[in-house]
Amino acid sequence: MTYAAITGWGKCLPPAVLTNDDLSTFLDTSDEWIVSRTGMRERRVSHVPAIEMSVVAASQALACAGLEGKDVDLIIYGSCSNDEGVPNSASGVQIALGATHAAAMDVNTACTSFCYGLATATAMIRSGMVKNAVVIGVELISRFLDWSNRNVAVLFGDGAAAVVLQASETEEGLIGTALGCDAEARETLRVRGLGLCYANSDVRFGDTLWDFDGQVIFKRAVHAMTEASKRVLLECGKTPDQIDLVVPHQANLRIIESVAKYSGIPMERVMVTVHKYGNMSAATVPVALVEALEEGRVTPGGYILMPAFGGGLTYCSLLVKWGDRVTPLGTSSRILPPCTETALQMVNAVRAVHDAHGSSHAGLMAPEFVETALAL
Ligand code: ACO
């Protein structure tokens, strides 16, 4: 039987750090509130497009696996914040990596995009369709975040990470998959302003209004990730005590603690990065996985559980059996260009553009076509 081993991993965190105190300079919030309600202390703001972060992360992952771009058959780009709609983003990564033979596909299931991409690439390798794949989780949310809304502005950050999958005859890689979608709650998280129903209206691209019911999402996220984790463990004949490490989606420390508790796994075996990076949506799980490897928390042959949820509300829990190698075969010299501004300066620049053009929030609510499209 063919499996899809994870043989390479790499991350790209933009260097500019936005602290809770930075947020307090323009929002009615505080470090105390943000830390106690979310566990977040700081997050990153990118000075480059998302594709550029992805290319650095993917180059690192390829070097880690000892592969070159020309060896890649498939690139899956998991994100809900694509630089452009057309051309797709995976094609931009393909050309930068010199992966001329690779199929290039974008996957958007919001925060679960990397996990859904990992499941898709694994299935394609196991079916014999492709041999080597790069799966990316990346997000550049700072450009379309509604920085005037404290309910969401404090929660998100930018970043990217990638893994390389290779066909293997040894049982390793993704061995169990529970995917689902709690679509009844899709209204609880909507970014008005993103999407074609706003085209040719008076909405300026990037000017967004977030419909966001944090408390409902919180409860449904805990329930969905816990149930998906129980399902995948049952299907694979594993018990919680056999899980060496949980690498969960990082939307809120309290959500992570609740999922760990209800899944019967102590926090000592849970990877947490939310304090450093906030919620990077599709990038959170792969960044946490890369950092777990860097910190020596992934053991050869160990079992890793990856529960996640995102807008939709899509959810999943993946069970990975790690292979023998936990260290990179090589490293890439590809890095981001220097950043000359602070994170707060970049955020203030986005806010200034919005203010200069006048908020088009009214347009986000009004046009009949938009309301009809959203009601579907
Ligand atoms: N600073 C200060 N006060 C705030 C802030 C802030 N940044 N944001 C909200 N508040 C206020 C609220 O206005 C409210 O005030 P009120 O009682 O006077 O009305 C009060 O704090 C309490 O708000 P709650 O919503 O009860 O706070 P809660 O403990 O539920 O935490 C949070 C809110 C952090 C959003 C939590 O519900 C959560 O994490 N939800 C899920 C997160 C999420 O959805 N992430 C995105 C998922 S999808 C994806 O990952 C892309």
Side-chain angles (χ1 to χ4, degrees), residues 1-11 57-68 71-72 76 114-115 117-119 121-126 130-137 161-178 229 232-250 256 259-260 263-273 283-308 316-332:
M1 197 181 285
T2 303
Y3 296 90
I6 301 176
T7 59
W9 51 89
K11 66 178 182 183
S59 300
Q60 206 60 252
L62 281 173
C64 175
L67 296 183
E68 295 176 20
D71 303 318
V72 180
I76 296 188
F114 169 80
C115 295
L118 190 64
T122 298
M124 289 173 75
I125 288 176
R126 294 189 70 166
V130 298
K131 283 197 163 28
N132 300 330
V134 173
V135 181
I136 297 161
V163 296
V164 170
L165 304 184
Q166 290 185 257
S168 162
E169 298 311 310
T170 313
E171 191 200 37
E172 59 182 304
L174 189 54
I175 56 165
T177 309
S229 295
V232 78
L233 289 181
L234 191 67
E235 279 171 14
C236 294
K238 300 284 173 219
T239 51
D241 54 294
Q242 290 175 292
I243 299 304
D244 298 284
L245 188 66
V246 182
V247 180
H249 178 49
Q250 314 271 328
I256 295 171
V259 172
S263 301
I265 301 175
M267 281 301 287
E268 297 81 64
R269 282 191 266 140
V270 179
M271 188 67 197
V272 175
T273 62
T284 61
V285 170
V287 165
L289 176 64
V290 173
E291 297 208 343
L293 282 149
E294 289 170 349
E295 292 171 18
R297 295 189 67 179
V298 176
T299 45
Y303 288 99
I304 302 175
L305 190 66
M306 299 177 180
C316 66
S317 192
L318 310 180
L319 183 60
V320 167
K321 184 180 182 201
W322 203 261
D324 290 335
R325 187 165 56 79
V326 290
T327 51
L329 290 178
T331 53
S332 163

Who pairs with [X] by side-chain contact (heavy atoms from CB on, under 4.5 Å), at least two apart in sequence or on another chain?
X      : value
Ala308 : Thr112, Cys115, His249, Val285, Cys316
Glu68  : Lys70, Asp71
Glu172 : Ala5, Ser168, Thr170
Ala288 : Val247, Gln250, Met271, Thr273

Keeping [X] on the side-chain end and [Y] on the backbone end, is there a donor-acceptor pair under 3.5 Å?
X      : Y      : value
Arg269 : Asp244 : no
Gln60  : Ser332 : yes
Arg325 : Thr7   : yes

Shortest non-hydrogen separation from [X] to [Y] and the atoms involved:
X      : Y      : answer
Trp322 : Ile6   : CH2-CG2, 3.6 Å
Ala133 : Ile125 : CB-CD1, 4.1 Å
Thr177 : Val232 : N-CG2, 3.4 Å
Ala292 : Leu245 : CB-CD2, 3.7 Å
Ala260 : Val270 : CB-CG2, 3.9 Å
Val134 : Ala58  : CG1-CB, 4.0 Å

Rounded distance [0.5 Å steps], [atom1] in [X] versus [atom2] in [Y]:
X      : Y      : atom1 : atom2 : result
Ile265 : Leu233 : CD1   : CG    : 6.5 Å
Ser263 : Ile243 : OG    : CD1   : 9.5 Å
Ser229 : Leu318 : OG    : CG    : 9.0 Å
Leu165 : Arg126 : CG    : CZ    : 11.5 Å
Met1   : Glu169 : CE    : CD    : 10.0 Å
Thr327 : Leu329 : OG1   : CG    : 7.0 Å

Sorted by chain and residue number, the side-chain hydrogen bond (donor to acceptor under 3.5 Å, both in side chains) partners of Glu171 (sequence neighbours excluded) come out as none

Only distances under 3.5 Å count here; give the side-chain donor-acceptor pairs of residues 295-306 to other protein atoms, sequence neighbours excluded, each with its distance to 0.1 Å.
residue : atom : partner : partner atom : Å
Arg297  : NH2  : Glu268  : O            : 2.9
Tyr303  : OH   : Lys238  : NZ           : 3.4

Crowded around Asp241 CG? As in, over 12 foreign heavy atoms under 6.0 Å? yes

Exercise for review: Please tell me if the side chains of Val72 and Val164 come closer than 4.5 Å, counting only heavy atoms from C-beta onward.
Suggested key: no

